[in-house]
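Single-structure report; data block below.
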Amino acid sequence: MEALIQGKPRALCRVEDIPDNSAKGFPGAEGRFTGLLVVRQGSNIYAYENACPHIGTPLDWTPDRFLSADGRFIICATHGAEFTISSGTCISGPCKGDGLTSINVEVRDGVIHVPPGV
């Protein structure tokens, strides 16, 4: 992982470090309260703040456990809310209709990057 440099994207990991159809958590940038979660589905990479929109708790109940048993949804460990992977929209639970905060990602040379300060 690269150190955060002002104005430059932050590298999280190589794409292959996240198995296909799974997710991985990452700490937020220095000084940020929430971390990140990144989901890989084939060549598609989705990233969100690791915070339920209902009350802000982290989504994973143990490290890197973000997805439903069938891998179709992101699940909030606190309330069982379900979120679509591709949009982060909550489709069931106390925050139905709300959504996860999306994070822009860029893949360069097989490495997943997020904006500085995220």
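Rounding to the nearest 0.5 angstrom, the gap separating the CD atom in E16 from the CD1 atom in I112 is 9.0 Å. Of the inter-residue distances, the one linking K24 atom NZ with I18 atom CD1 reads 7.5 Å to the nearest 0.5 angstrom. Of the inter-residue distances, the one linking T78 atom OG1 with H54 atom NE2 reads 10.0 Å to the nearest 0.5 angstrom.
Side chains of P116 and K8 form no contact here, defined as non-hydrogen atoms less than 4.5 Å apart. Contact check for P115 versus P9: no side-chain heavy atoms found under the 4.5 Å cut-off.
Checking side-chain atoms of S68 against main-chain N and O of F73 turns up a donor-acceptor pair under 3.5 Å. A donor-acceptor pair is defined here as one N or O able to donate and one able to accept, closer than 3.5 Å; such a pair exists between the side chain of R10 and the backbone of V118. With hydrogens and angles ignored, the 3.5 Å screen pairs no side-chain donor or acceptor of D98 with any backbone N or O of P53. Between the side chain of N21 and the backbone N or O of Q41 there is no donor-acceptor pair closer than 3.5 Å.
The environment of CG in D70 is crowded: more than 12 heavy-atom neighbours from other residues, nucleotides or ligands sit within 6.0 Å.
Inspection of the T84 and S86 side chains reveals no N or O donor paired with an N or O acceptor under 3.5 Å.
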Are I55 and H79 close enough, and set up right, to give a side-chain contact (heavy atoms from CB on, under 4.5 Å), and what steps lead you there? CA-CA 10 Å; I55 59 170; H79 302 102; 3.7 Å; yes
Assess whether salt bridge (charged side-chain N to carboxylate O under 4.0 Å, His left out) is satisfied between R32 and E30, documenting all intermediate values. CA-CA 6 Å; R32 289 193 52 99; E30 186 175 334; over 6 Å; no
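L67 belongs to a hydrophobic cluster whose other members, connected by ILVMFWY side-chain contacts under 4.5 Å either directly or through intermediates, are L37, V39, Y46, Y48, L59, F66, I74, F83, I85, L100.
Shown here for D17 and C13, the closest heavy-atom pair between the two residues is OD2-CB, 3.6 Å. The two atoms that bring F26 and L12 nearest to each other are CE2-O, 3.7 Å, heavy atoms only. Listed here is the closest heavy atom pair of G25 and D64: N-OD1, 2.7 Å. Between G56 and A51, the shortest heavy-atom contact is O-CB, 3.8 Å.
V114 and V111 sit in two unconnected hydrophobic clusters of ILVMFWY residues. Membership requires side-chain heavy atoms under 4.5 Å apart, directly or through other members.
Contacts classified as salt bridge (charged side-chain N to carboxylate O under 4.0 Å, His left out) and involving residues 54-63 (residues at least two apart or in different chains) are not found.
Of the residues listed (I103, T101, V105, N50), the one engaging L36 in a side-chain contact (heavy atoms from CB on, under 4.5 Å) is I103, and it is the only one.
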